[in-house]
Protein chains: 2
Amino acid sequence: MTSTRETITLQADTLFYENGFEATSFGDIAKAVGISRGNFYHHFKSKDAILDAVIELRLARTQTMLDNWSAEADPQERILSFVRILITNQSKIMAFGCPVGTLSSELAKLEHAAHPRAVEVFDLFKTWLVTQFTALGHGDKAKDHALHVLGRSQGVAVMAAAYQDPDFVQAEVDALEAWLNTLTPHN
Amino acid sequence: MTSTRETITLQADTLFYENGFEATSFGDIAKAVGISRGNFYHHFKSKDAILDAVIELRLARTQTMLDNWSAEADPQERILSFVRILITNQSKIMAFGCPVGTLSSELAKLEHAAHPRAVEVFDLFKTWLVTQFTALGHGDKAKDHALHVLGRSQGVAVMAAAYQDPDFVQAEVDALEAWLNTLTPHN
DNA sequence: GACAAATTAGGACAACCGTCCTAATTTTCA
DNA sequence: TGAAAATTAGGACGGTTGTCCTAATTTGTC
């Protein structure tokens, strides 16, 4: 029993990811949802309001995903769960890049008011990663390591979308795993 | 004595970078150049034609930059020249990301015909980096190392545009330099 | 100085954009 | 069952988009 508002948000989320925010029109979303264009304003008063809802959806989804990964006993294994979304979502990432990174980049160029809110998805990952690195005993280096892992993942996503090369993605995931092992020798 | 066509290309290059390709209109370019909108089609028959010219401009600029770096005697130092564009162009990158990466990402989402051509800028960097790593004696690992450096740089650019944190950029550049030293110990 | 070519400005064009309004329909519930 | 509320379709709106046309102006050349 998903409400029309939810359906709009879900479809907009997909379209914003696959085609970009600017390139997605009201008509595109209306067609995907199967409602008339004019009816829209009963659910959202503007396109920006839809963007806000999409960002909140992504924030909630991300938090749920992070909570699930926290079930893992070993913090190192938790971090690997994060790194491996590059493999899990490989085909989508090779086609459209990372949803977080590409939206952040687009909203930055548009100087869109929702940019800081979109970056909060990064914050969720960052905070969670800091927690894991702290648990591994990396103290004041935890934040640096968290941003490092985030950045490496973003770089892989950009190059994956440029070249569509699964071997590169796998090699970089392996390299990140090796780097993690360098940080924390498993005795 | 720059021709109108050159001026259009230069202004479009800046606007595409700072605002995005899709978000930049003919009117925006016309205003920046200082000519009427209708006059445009005497120089470019379509917006895509302007994009092609911009990409070719970037290809030429990139090649020139790589040639200049090749003057450096030590291949390791050449690679560092590449890494340090993150510092040189820091403020622009924090505002708009990497021009190569963001255009590639946008054109991928638009399924634009010019996407492969835009990726050729990456190819220039890649080929050049492969040459440097080969000169350092990394043989069959040269290509992997080249893509690794490219990816790391892209990741830094994405995160820089998200957080506008110069310290993060500097830390990542240092980390990349340290990684390079790990690869090739300087005795 | 005359004439052809290159370049220009300005506006027309159809299509689409985000937004908004209205009137009809469906749903809810006392 | 009937009235109130929620939801819907369809279209109008002003503005902007990329594209194209025409007529005027500038430029270059003999």
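Values below: every heavy atom of this structure, side chains too, minus hydrogens, waters and symmetry copies. Lettering of chains follows the sequences in order, A, B, ..., and the numbering in each one begins at 1.
- Of the possible donor and acceptor atoms, one in the side chain of A:Tyr17 sits under 3.5 Å from a partner among the backbone N and O of A:Gly97.
- Phosphate contact (OP1/OP2 of C:dA9, side-chain N/O of B:Asn39, threshold under 4.0 Å): present.
- Going from atom NE2 of B:His42 over to atom P of C:dG11 covers 20 Å, rounded to whole Å.
- Under the 4.0 Å criterion applied to side-chain N and carboxylate O atoms, A:Arg84 and A:Glu77 are assigned as salt-bridge partners.
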Grab the N/O contacts between the protein and nucleotides 14-17 of chain D below 3.5 Å, and write none if there aren't any.
from, atom 1, to, atom 2, distance (Å)
D:dT17, OP1, B:Ser25, OG, 3.2

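- Across the protein-nucleic acid pair, B:Phe21 atom CZ and D:dG18 atom C1' stand 11 Å apart, rounded to whole Å.
- In terms of modelled atom types and a separation under 3.5 Å, the side chain of B:Gln132 and the main chain of B:Pro75 share no donor-acceptor contact.
- Proximity of B:Tyr41 to the phosphate of D:dC20: no side-chain N or O atom is located under 4.0 Å from OP1 or OP2.
- Remark: B:Arg117 pairs with B:Ile55, B:Glu56, B:Leu59, B:Glu120 by the side-chain contact (heavy atoms from CB on, under 4.5 Å) rule, at least two apart or across chains.
- In the set C:dT19, C:dT8, D:dT7, C:dT19 carries the atom at the smallest distance from any side-chain atom of A:Ser46.
- Across every non-hydrogen atom of A:Ala162 and B:Ser104, the tightest pair is CB-OG, 3.6 Å.
- With A:Leu10 as the fixed residue, the side-chain contact (heavy atoms from CB on, under 4.5 Å) test singles out one of A:Val33, A:Leu15, A:Leu57: A:Leu57.
- Per the geometry, NE2 belonging to A:His43 stands 4 Å off P belonging to D:dT8, to the nearest Å.
- What separates NZ of B:Lys45 from P of D:dC21 is a distance of 14 Å, to the nearest Å.
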